[in-house]
Amino acid sequence: MAKTDDDALAEAYNRALALEKSGDFDAAARAYTEVLALDPEDHGGAAVRLASMKRGEVPVRASEAYVTTLFDQHAEVFEKVLVEDLGYHVPMLLRQRLIELGEMSFERMLDLGCGTGLTGGALEDMADDATGVDLAENMVEIAHEKGLYDTLYVADAVDYLDDNDDEPFDLIAATDVLPYLGALEPLFEAAAKNMLPGALLCFSSETLPEADFEGRPYTVGRFQRFAHTQAYVREALQAAGFAVIEVTDITVRHEQGLPIAGHLYVARRV
């Protein structure tokens with residue numbers, strides 16, 4: 001992108017953010033539309049911001065460019081912000097659920113959206129072989145330095161699963177992936193093709209009061225993250241060949257001091 005375009009994009013994005021923060025959502029929406037015209041790949045997440053303000057269609061997922069940019073920029077402070085500031089403890093909650101279910105030994109684990117290795121660290125002693133996948137290269141570099149995974153890939157979760165020709169997994173974890181996806185069928189179907197019969201698929205999701213979905217199976221909440229109805233998640237799992245073992249109500253994290261409600265799913269490949 002030319003310098004002039006970069007300047008125009010930065011101006012439009014900063015203007016859109018300022019208008020959104022001021023509560024002038026109509027003007028912000030017009031500015032975010034300008035942003036998308038200048039940056040169709042959507043590095044700034046304009047599409048999910050439009051949806052969160054209810055000024056645009058709910059996309060089927062956050063753009064890869066946005067997710068990559070977001071996490072690459074925050075890689076160095078990711079764990080401090082997520083764990084200490086936002087109270088994110090989903091990996092340890094998953095470990096606790098697996099122990100209570102008596103599922104503590106796996107030959108091959110896949111950690112989708114592995115980030116800096118929080119889930120890899122929580123489940124390290126449960127898996128003989130661990131593979132991590134994340135879109136953000138800077139996050140993967142930090143995970144590599146920890147030595148938690150036998151193999152690491154910089155890739156989109158669904159793309160990796162579609163292209164993978166290695167041995168199947170008996171545990172796939174995705175502890176902070178669904179908040180960046182709307183439609184779940186591609187992920188669940190791709191996961192099923194990479195799993196042994198009886199293998200576990202474990203993941204977290206965020207949710208909202210039923211009225212906020214306005215009849216949709218998923219939507220974008222006020223913090224630009226996707227939320228899913230439990231009914232939709234269950235239906236998508238069943239259609240992909242999974243049986244739900246349990247769904248646990250959890251607080252996924254905190255945003256601006258508010259607890260974010262969600263679920264922790266454990267499902268088995270039929």
Side-chain angles (χ1 to χ4, degrees), residues 1 3 6-7 9-10 13-14 16-18 20-21 35 39 41-49 52 61-95 109-125 127 130-160 173-181 203-204 206 220-226 250-260 262:
M1 186 177 289
K3 179 75 163 63
D6 281 343
D7 291 343
L9 176 59
Y13 189 78
N14 290 333
L17 276 179
E20 180 184 356
K21 290 178 180 178
V35 169
D39 178 25
E41 292 185 1
D42 194 14
H43 291 77
V48 291
R49 287 191 171 275
S52 74
R61 59 167 295 165
S63 73
E64 288 189 24
Y66 168 57
V67 176
T68 302
T69 302
L70 177 67
F71 287 101
D72 269 339
Q73 287 179 341
H74 295 93
E76 292 298 327
V77 296
F78 174 76
E79 290 192 19
K80 179 189 181 303
V81 171
L82 193 62
V83 177
E84 297 180 22
D85 299 344
L86 302 180
Y88 173 83
H89 301 296
V90 175
M92 294 309 297
L93 293 176
L94 174 57
R95 176 182 176 85
M109 175 183 77
L110 173 62
D111 184 6
L112 294 174
C114 66
T116 58
L118 292 174
T119 297
L123 306 182
E124 182 181 15
D125 61 332
T131 296
V133 176
D134 200 280
L135 260 177
E137 184 175 359
N138 292 348
M139 303 280 272
V140 171
E141 288 180 359
I142 294 173
H144 174 71
E145 291 170 2
K146 293 181 179 180
L148 295 169
Y149 300 92
D150 298 279
T151 312
L152 280 163
Y153 296 96
V154 177
D156 171 75
V158 176
D159 289 346
Y160 166 80
T175 50
D176 196 33
V177 173
L178 270 64
Y180 301 95
L181 298 176
F203 58 90
S204 58
E206 296 183 8
V220 178
R222 58 180 291 199
F223 300 112
Q224 297 86 48
R225 291 161 63 86
F226 285 89
I250 62 171
T251 295
V252 178
R253 58 199 278 162
H254 289 75
E255 291 279 1
Q256 298 180 9
L258 300 174
I260 303 300

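A distance of 10.5 Å separates NE2 of H43 from CD of E64, quoted to the nearest 0.5 Å. Atom OG1 of T251 and atom CG of L93 lie 9.0 Å apart (nearest 0.5 Å). L70 contributes atom CG, which lies 8.5 Å from atom CE of M139 (distance to the nearest 0.5 angstrom). If you take CZ on F203 and CG on L112, they are separated by 11.5 Å, rounding to the nearest 0.5 Å.
Q224 places a side-chain N or O within 3.5 Å of a backbone atom of R222 that can act as its donor or acceptor partner. Here the side chain of S63 pairs a donor or acceptor atom with the backbone of D42 at under 3.5 angstrom. Although no hydrogens or angles enter the test, the distance criterion places a donor-acceptor pair under 3.5 Å between the side chain of S204 and the main chain of T175. Judged by distance alone, the side chain of Y13 and the main-chain N or O of G44 form a donor-acceptor pair under 3.5 Å.
For the pair E76/I142, a side-chain contact is recorded, criterion being any heavy-atom separation below 4.5 Å from C-beta on. With a 4.5 Å cut-off on side-chain heavy atoms, H89 and I250 do not count as touching. Annotation: side chain of L86 is in contact with side chain of V81 (closest heavy-atom distance under 4.5 Å). A 4.5 Å side-chain heavy-atom check between R95 and D125 finds at least one atom pair inside the cut-off. Residues Y153 and T131 meet the side-chain proximity criterion, which asks for heavy atoms closer than 4.5 Å. Residues V35 and L9 have side chains in contact (heavy-atom distance under 4.5 Å, counting atoms from C-beta outward). Annotation: side chain of E206 is not in contact with side chain of L178 (no heavy-atom distance under 4.5 Å). Under the 4.5 Å side-chain criterion, counting only non-hydrogen atoms from C-beta, D156 is in contact with R61.
Taking every heavy atom of both residues into account, I260 and E255 meet most closely at CG1-CG, 3.9 Å. In terms of heavy-atom proximity, G117 sits nearest to L148 at O-CD1, 3.3 Å. Contact detail for V252 and Y88: the closest heavy-atom pair is O-CD1, 3.4 Å. Contact detail for A62 and F226: the closest heavy-atom pair is N-CE1, 3.5 Å. Considering every non-hydrogen atom in both C114 and D134, the closest pair reads N-OD2, 3.4 Å. Between T119 and A173, the shortest heavy-atom contact is CG2-CB, 4.1 Å.
Between R225 and D176 there is a salt bridge, since a side-chain N of the basic residue sits under 4.0 Å from a carboxylate O of the acidic one.
Shown here is H254, whose NE2 atom has more than 12 heavy atoms of other residues, nucleotides or ligands within 6.0 Å.
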Legend entry - CA sep, side-chain torsions, deciding dist, call: L82, T116, side chain to side chain contact (heavy atoms under 4.5 Å, CB included): CA-CA 11 Å; L82 193 62; T116 58; over 6 Å; no
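Pairs engaging residues 66-75 under the side chain to side chain donor-acceptor pair (under 3.5 Å) rule: none recorded [sequence neighbours left out].
Taking the six-membered ring where the residue is Trp, Y180 and F71 present perpendicular rings, their angle passing 60° and hence far from 30°.
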